[in-house]
Amino acid sequence: KIVTIDTKKTSIRLAKPEWDAIDIISKKENIRRNYLIELLNQNKNTKIGLTNSIRLFSIIYLYHETMSLQLYEKNYQKTSSITEAIKGII
């Protein structure tokens, strides 16, 4: 898909389930998909490409959401999944 990052158009190749994950995360965080991708691009490790950063972020985010839900059910404090996932790509 073609996305706009800081006024530049770029192509990102992800499998449909990967795009679905980004869309789910964007919807949950109430932000536009392009904004999320811009955020990841600005915060990623410069040694990792954007596409791989998006994949890694998605895995970390969804893992953190799953673990937070399990901990919440055990009465532990929930932390921000988006913050934890961004930390994982830095």
Side-chain angles (χ1 to χ4, degrees):
K1 295 185 181 197
I2 304 294
V3 296
T4 303
I5 300 173
D6 300 323
T7 70
K8 290 185 179 181
K9 291 186 178 188
T10 189
S11 176
I12 299 175
R13 291 182 181 208
L14 296 171
K16 184 177 181 333
E18 293 168 324
W19 282 114
D20 292 347
I22 289 297
D23 289 340
I24 289 167
I25 294 166
S26 298
K27 185 174 181 178
K28 183 170 185 337
E29 296 294 332
N30 198 29
I31 58 177
R32 290 181 353 267
R33 178 174 57 190
N34 273 11
Y35 178 74
L36 176 58
I37 293 171
E38 287 176 3
L39 186 64
L40 299 178
N41 189 53
Q42 293 167 0
N43 289 285
K44 71 179 182 62
N45 182 325
T46 56
K47 295 178 182 178
I48 302 173
L50 179 58
T51 300
N52 285 331
S53 293
I54 292 169
R55 287 181 177 127
L56 181 59
F57 169 83
S58 298
I59 291 167
I60 294 168
Y61 182 96
L62 295 173
Y63 171 80
H64 190 267
E65 280 292 294
T66 301
M67 295 308 294
S68 292
L69 182 58
Q70 290 175 3
L71 293 175
Y72 179 75
E73 290 171 353
K74 294 179 181 178
N75 296 322
Y76 290 98
Q77 185 176 1
K78 184 179 186 305
T79 60
S80 170
S81 295
I82 197 164
T83 302
E84 293 301 315
I86 287 176
K87 287 180 189 176
I89 65 168
I90 295 176

For K16, salt bridge (Lys or Arg N to Asp or Glu O under 4.0 Å) partners two or more places apart: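 Salt bridge (Lys or Arg N to Asp or Glu O under 4.0 Å) list for K16, sorted by chain: D20.
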Set of side-chain hydrogen bond (donor to acceptor under 3.5 Å, both in side chains) partners for R33, sequence neighbours left out: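 R33: side-chain hydrogen bond (donor to acceptor under 3.5 Å, both in side chains) contacts with D23.
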Between [atom1] on residue [X] and [atom2] on residue [Y], distance to nearest 0.5 Å:
X   : Y   : atom1 : atom2 : value
I37 : I54 : CD1   : CD1   : 4.5 Å
I12 : L50 : CD1   : CG    : 4.5 Å
S26 : I31 : OG    : CD1   : 5.5 Å
N34 : I2  : CG    : CD1   : 11.0 Å

Under 3.5 Å, side-chain donor or acceptor atoms of residues 40-47 against the rest of the protein: list the pairs with distances, not counting sequence neighbours.
residue	atom	partner	partner atom	Å
N43	ND2	L39	O	2.7
K44	NZ	I48	O	3.1
N45	OD1	K47	N	2.7

4.5 Å side-chain heavy-atom contact, I5 and V3: yes
If we only count heavy atoms from C-beta on, is the I60 to L56 side-chain gap below 4.5 Å?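 Yes, side chains in contact.
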Not counting sequence neighbours, list each pair that qualifies as a salt bridge (Lys or Arg N to Asp or Glu O under 4.0 Å) and has a residue in residues 52-63. E18-R55
Partner residues of L62 under the side-chain contact (heavy atoms from CB on, under 4.5 Å) criterion, sequence neighbours left out: A21, I25
Ring pair (Phe, Tyr, Trp, His ring centres under 6.0 Å) pairs touching residues 33-61, sequence neighbours excluded, are F57-Y61
Of all pairs that satisfy side-chain hydrogen bond (donor to acceptor under 3.5 Å, both in side chains), the ones with a partner from residues 1-13, not counting sequence neighbours: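 Every candidate side-chain hydrogen bond (donor to acceptor under 3.5 Å, both in side chains) pair involving residues 1-13 fails, so no pair, neighbours aside, qualifies.
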